[in-house]
Amino acid sequence: MTTLQDRPGTALLVVDVQNDVVREAHARDAVVANIAALVERARRERVPVVCIQQGDEELVPGSEGWRIVPELTPRDGEPVVHKTHCDSFEETTLETVLAAHGVGRVVVTGAETDACVRSTLHGAFVRGYDTILVGDAHTAVDKSRWGAPPVEQVIAHTNLTWTWQSAPGRTAGTVGTADVDLTGPLPG
């Protein structure tokens, strides 16, 4: 269904699951475990796993806080895309990596729900990708002291709104880890 020509493949995107990003994240261990399960499935099914890694003044490249959590350490040869913006496509090599693998569908996991995950979902979708959110494989830290809703509500709202996302020639949706089909069509 993707609007990208000759790109039938799927990739698993792991957005910003870095030590300092998820250290105090809601349900951190459960979310990382769900992502790890998907990473292992993707590797078994020969589906590309692409880790995305934010770098900025708070997440200093090379620092311990910047590193991807040990449970999700990329294997040799697995692409790691470095970014400085919320949308993982902006000024990065992500599109080049996905095109090289013939990817027209992305399965999105990671952190933070209300920033980089949401921006990457929209970035993929407007660029023509079929885009699925794994509803129990993304998280955020509590930002309620700045007026945001509690994290559980942020996650639930994002899952709900992505369930109803639509555009001509593309599919989107939200599914749980157990229901992700890495090689078949996305829900439509």
Side-chain angles (χ1 to χ4, degrees), residues 1-2 7-19 21-23 25-54 67-81 83 87-89 92 94 97-98 100-125 129-140 151-152 154-156 158-163 165 170-188:
M1 292 287 296
T2 177
R7 307 251 306 251
T10 299
L12 176 64
L13 303 186
V14 180
V15 179
D16 299 352
V17 187
Q18 297 162 252
N19 289 321
V21 176
V22 298
R23 185 176 320 283
H26 171 75
R28 182 250 187 240
D29 293 343
V31 168
V32 170
N34 286 341
I35 296 169
L38 287 169
V39 166
E40 288 308 313
R41 281 182 46 207
R43 288 171 176 162
R44 278 193 314 271
E45 296 177 22
R46 293 190 168 88
V47 170
V49 175
V50 182
C51 284
I52 299 160
Q53 194 171 26
Q54 178 76 25
R67 296 189 196 298
I68 294 167
V69 298
E71 301 95 322
L72 301 175
T73 300
R75 288 187 178 166
D76 289 342
E78 287 180 338
V80 177
V81 172
K83 69 181 183 69
D87 180 346
S88 298
F89 289 88
T92 72
L94 183 55
V97 167
L98 296 175
H101 287 91
V103 170
R105 297 179 294 188
V106 292
V107 175
V108 180
T109 67
E112 292 214 43
T113 300
D114 48 351
C116 297
V117 169
R118 190 176 295 164
S119 293
T120 298
L121 286 166
H122 288 282
F125 202 62
Y129 291 87
D130 289 337
T131 310
I132 191 164
L133 174 63
V134 185
D136 56 358
H138 63 97
T139 189
V151 179
E152 298 91 341
V154 170
I155 292 168
T158 302
N159 289 343
L160 176 67
T161 59
W162 203 255
T163 297
Q165 187 70 27
R170 284 157 279 167
T171 57
T174 303
V175 300
T177 297
D179 297 321
V180 172
D181 182 350
L182 292 170
T183 58
L186 297 175

Testing the basics here: between [X] and [Y], what is the closest heavy-atom pair and its distance to 0.1 Å?
X    : Y    : result
C116 : D16  : SG-OD2, 3.2 Å
Y129 : V103 : CE2-O, 3.3 Å
V117 : A111 : CG2-N, 3.4 Å
P74  : I68  : CG-CD1, 3.8 Å
I52  : L94  : CD1-CD2, 4.1 Å
A137 : L38  : CB-CD1, 4.4 Å

Side chains of N159 and T174: donor-acceptor distance under 3.5 Å anywhere? no
Examine the side chains of T139 and H26 and answer whether a donor and an acceptor come within less than 3.5 Å of each other. no
Checking [X] side chain against [Y] main chain: does a donor-acceptor pair fall under 3.5 Å?
X    : Y    : result
E78  : C51  : no
S88  : T120 : no
D130 : T2   : yes
R105 : P8   : yes
R75  : R43  : no
W162 : T131 : yes
N34  : T177 : no

Show your working on side-chain contact (heavy atoms from CB on, under 4.5 Å) between V180 and I132 and close with a plain yes or no. CA-CA 9 Å; V180 172; I132 191 164; 5.6 Å; no
To the nearest 0.5 Å, how far apart are [atom1] in [X] and [atom2] in [Y]?
X    : Y    : atom1 : atom2 : value
T92  : Q53  : OG1   : CD    : 12.5 Å
R46  : T183 : CZ    : OG1   : 13.0 Å
T161 : L121 : OG1   : CG    : 8.5 Å

Are side-chain heavy atoms of [X] and [Y] found at a separation under 4.5 Å?
X    : Y    : result
P70  : N19  : yes
I155 : H138 : yes
Q54  : V21  : no

Go through the steps to decide whether L98 and F89 satisfy the test side-chain contact (heavy atoms from CB on, under 4.5 Å), and finish with yes or no. CA-CA 10 Å; L98 296 175; F89 289 88; 3.9 Å; yes
Might you work through the side-chain contact (heavy atoms from CB on, under 4.5 Å) test for V69 and R28, ending with a clear yes or no? CA-CA 11 Å; V69 298; R28 182 250 187 240; 3.6 Å; yes
Take V175 and D181 through the test side-chain contact (heavy atoms from CB on, under 4.5 Å) and record every step on the way to the result. CA-CA 9 Å; V175 300; D181 182 350; over 6 Å; no
